[in-house]
K.L.:
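One structure follows; several queries about it will come next.
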Amino acid sequence: MAHFLFFGKLADITGAMSVEQPLPDTVTDTSTLRSWLDETYQASGALLETTVRLAINSEIVAEPAPVREHDEIALMPPVGGG
Amino acid sequence: MFDLLDQPFDPAEALKQFNTAIGGAGAVVSFTGHVRPSAHGSAVTGLFLQAYSPLTEQGIEQAIETATARWPLSAVRVIHRIGEMTPGEAIVFVATASAHRRAAFEAADFLMDYLKTEAVFWKKETGETGSTWIEPRSEDYQDRARWAE
């Protein structure tokens, strides 16, 4: 199982903020991961956008990066507080 | 020094406490951001702020380290809210202390620009017509770009 976290507006698209899901064999890196997630959640490209950054196990990664079962994978749309 | 709080805080009290530990500084600058009661001409009823620990904390601590390395600061304080807030509540407090005013002003400005555009937060505004996720404005990114070295 991989643990997915969808932050900000992405949770509205996927319907949940935190999801546990096994990775299919075809998903080995962030590129195949994005395509699979976008299709699974019918996100119409929202999860493919380069403004959406990925953090794996609490570290923002330079893509493409490998993904594995048991990873915590966070999808992060543009950030900003204040 | 940095705190992420899920409960309201009193910025006047935060400033009072800050002033007791400024290490002999001659200049103190503080900024408080409040939840606005309206946006784009319509009333705002609430604001929700989401963080991702430990990324949010690590990023802010690193920004404080950068500010401390760039300006001669004797003290820095950052408080940021998360969770549900109502209009008028303080969302962010930044205070800096230095021997002279310029460094204190610039460091506080730098930290606020970081918090607005790079700190790991997601912000949702609720109004009469529903909820919207808010992203930084282009002006916020332009402000942030002023500090590129």
Side-chain angles (χ1 to χ4, degrees), chain A residues 1-21 23 29-30 33-34 37-38 40-68 70-82, chain B residues 2 4-5 31-36 47-60 62-63 78-83 85 90-94 108-126 130-141 143-144:
Chain A
M1 290 284 200
H3 182 199
F4 294 97
L5 297 171
F6 298 102
F7 284 103
K9 64 183 179 188
L10 300 182
D12 295 346
I13 293 168
T14 60
M17 196 244 146
S18 172
V19 178
E20 298 268 351
Q21 212 169 335
L23 290 178
D29 65 9
T30 49
L33 172 83
R34 280 176 182 264
L37 285 175
D38 199 75
T40 303
Y41 289 103
Q42 300 178 336
S44 310
L47 304 180
L48 307 176
E49 283 180 24
T50 51
T51 56
V52 172
R53 290 180 296 169
L54 291 186
I56 298 178
N57 303 323
S58 300
E59 258 184 55
I60 294 171
V61 293
E63 297 183 52
V67 294
R68 297 176 188 89
H70 312 301
D71 278 346
E72 179 183 273
I73 302 166
L75 286 89
M76 315 199 312
V79 295
Chain B
F2 163 61
L4 204 56
L5 303 178
F31 173 86
T32 305
H34 294 268
V35 179
R36 269 183 284 270
L47 191 71
F48 171 71
L49 229 94
Q50 187 181 36
Y52 177 27
S53 294
L55 247 65
T56 307
E57 292 90 334
Q58 285 169 357
I60 293 172
Q62 202 176 340
V78 175
I79 301 173
H80 208 294
R81 277 291 313 274
I82 51 170
M85 283 160 270
I91 174 169
V92 61
F93 174 85
V94 168
D109 200 12
F110 166 87
L111 285 168
M112 272 313 302
D113 285 339
Y114 169 83
L115 291 167
K116 293 294 284 188
T117 57
E118 285 184 52
V120 181
F121 291 111
W122 297 273
K123 203 158 44 168
K124 187 164 72 172
E125 209 168 65
T126 302
S131 296
T132 325
W133 288 96
I134 310 292
E135 291 182 1
R137 303 164 306 154
S138 58
E139 293 94 317
D140 294 326
Y141 290 119
D143 288 344
R144 177 67 184 146

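Every chain is numbered from 1, with letters handed out A, B, ... down the list of sequences.
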K.L.:
What parts of residues 72-82 of chain A touch chain B if we use heavy atoms and a cut-off under 4.5 Å?
P.N.:
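Within residues 72-82 of chain A, the residues that come under 4.5 Å of chain B (heavy atoms only) are Glu72(A), Ala74(A), Met76(A), Pro77(A), Pro78(A), Val79(A), Gly80(A), Gly81(A), Gly82(A).
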
K.L.:
What are the two closest heavy atoms between Tyr52(B) and Ala55(A), and how far apart are they?
P.N.:
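It is CE2-CB, 4.2 Å.
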
K.L.:
Counting heavy atoms not belonging to Glu139(B), are there more than 12 under 6.0 Å from its CD?
P.N.:
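Yes - once you tally the heavy atoms of other residues, nucleotides and ligands closer than 6.0 Å, there are more than 12.
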
K.L.:
Pairs of donor and acceptor atoms involving the side chains of residues 9-17 of chain A, under 3.5 Å and at least two apart or interchain, shall be tabulated with distances.
P.N.:
from     : atom 1 : to        : atom 2 : distance (Å)
Lys9(A)  : NZ     : Glu135(B) : OE2    : 2.9
Asp12(A) : OD2    : Trp133(B) : NE1    : 2.8
Thr14(A) : OG1    : Leu10(A)  : O      : 3.2
Thr14(A) : OG1    : Ala16(A)  : O      : 2.9

K.L.:
If you check every heavy atom in residues 57-64 of chain A against those of chain B, which residues fall under 4.5 Å?
P.N.:
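Within residues 57-64 of chain A, the residues that come under 4.5 Å of chain B (heavy atoms only) are Ser58(A), Glu59(A), Ile60(A).
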
K.L.:
Chain A contacts: which residues in residues 111-119 of chain B have a non-hydrogen atom closer than 4.5 Å to it?
P.N.:
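Heavy-atom contacts from residues 111-119 of chain B to chain A are Met112(B), Leu115(B), Lys116(B), Thr117(B), Glu118(B), Ala119(B).
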
K.L.:
Which one wins on heavy-atom pair count under 4.5 Å against chain A: Gln58(B), Lys123(B), Lys124(B)?
P.N.:
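Between Gln58(B), Lys123(B), Lys124(B), the count favours Lys123(B).
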
